[in-house]
Colleague: 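My questions all concern the structure below.
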Amino acid sequence: MKHLIDIGDLNVEEALTLLDTAEAMAATQSRRVKKLPTLRGKTVVNLFFEDSTRTRLSFEAAAKRLSADVINFSAKGSSVSKGESLKDTALTLQAMGADAVIMRHSSSGAAHRLAHAGWMDLPVLNAGDGTHQHPTQALLDAMTLRRHYTNGGKPAEAGTTLEGARVIIVGDILHSRVARSDVQLMALLGAHVTLVAPPTLVPVGVDDWPCDVVYDFDEALSKPADAVIMLRVQRERMSAIGGGFFPSPGEYHRAYGLDILRFEKLPESTVVMHPGPMNRGLEICAQAADSSQSVIVEQVNNGVSVRMAALYLLLASKGTINE
Ligand code: CP
């Protein structure tokens, strides 16, 4: 594996290696000294052309816990605002001695372009590209679900899959790179995935995805699920094309929100997930988000371990994770 761009590039063995390495990384994070020397001397660039809280901070934390130096680049305040191209930005990063680039971009395919255009010869980690892919989010979601599905929330045994798990993903599928990546990874690992959304928020071509699609949330919930993943309604992408995807926020919440009535009917074993940031009161009620069934904070925590694993596997020379 040279880059981490698209979950579709992974086979089961590679996905399990990433998840098992993330568990090994998580085990190091309960030590008094969390920092490992593994990437000492390496420089990682966090190249963010789009806003982020969780992904940017956790990639930074992951790189620093592996002893890498981190350069943070935000398009706001950079020469991108003067018209500098992605190519010239890439050439600048390579010239500065970067060893890997983590990139978030609003354009689908931007990470693939950066990795394969021949502008630079560095590993690229996709931190989210447009509505296309968010591979480390899918990995942290799979890590969180694998723990709960196979081991009551404790670290999962190496090599375990999601075979037989039932996952419901609800909401703005159309604009969601998380949904695309989650469906691919969870299906690869043996889970059965059902998407729930209003017809206006279901992308063209979804019939080719390895999942079912239903339009009635209550129908999907009539069969017990191991996880319900609520997606953020991406109002910024909707307003850019004039809105009109649902009649009103109240109506969306009643039909597609995890409201208090639906939440109270969930089996106790069903975990509630959300990639964040949440629109409380729109796709998820506060009672569900803050409940003991919510694993949303665990997802954030596992994100650091998954990103440590990805950086380690792409950048470290052979050896153990403590070297
Ligand atoms: N889940 C996620 O990608 O969150 P951020 O946009 O805050 O990075």
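Values below: all heavy atoms of this structure, side chains included; hydrogens, waters and symmetry mates excluded. Remember, it's 1-based here, ligands and their atoms both numbered in the order they're listed.
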Colleague: Taking side chain to side chain contact (heavy atoms under 4.5 Å, CB included) as the definition, give me every residue that meets it alongside S269, ordered by chain and number, with sequence neighbours left out.
Modeller: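 Only P267 meet the side chain to side chain contact (heavy atoms under 4.5 Å, CB included) criterion with S269.
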Colleague: Taking only residues two or more places apart in sequence or in another chain, which ones pass side chain to side chain contact (heavy atoms under 4.5 Å, CB included) with K154?
Modeller: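 Checked K154 against side chain to side chain contact (heavy atoms under 4.5 Å, CB included); matches are N151.
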Colleague: Tell me every residue that passes side chain to side chain contact (heavy atoms under 4.5 Å, CB included) with A27, counting only those two or more places apart in sequence or in another chain.
Modeller: none
Colleague: Using heavy atoms and a cut-off under 4.0 Å, could you grab the residues that are in contact with ligand 1, chain by chain, numbers ascending?
Modeller: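 These residues qualify: S52, T53, R54, T55, R104, H134, Q137, P275, G276.
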Colleague: Would you call D69-R40 a salt bridge at under 4.0 Å N-O?
Modeller: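 Between R40 and D69 there is no salt bridge, as every charged N stays at least 4.0 Å from the carboxylate O atoms.
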Colleague: Taking the six-membered ring of F59 as reference, does the cationic atom of R307 (NZ for Lys, CZ for Arg) lie under 6.0 Å from its centre and within 45° of its axis?
Modeller: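 Yes, a cation-pi geometry holds between R307 and F59.
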Colleague: Once the angle between the rings of F49 and H105 is folded into 0 to 90°, is it parallel (under 30°), tilted (30 to 60°) or perpendicular (over 60°)?
Modeller: tilted
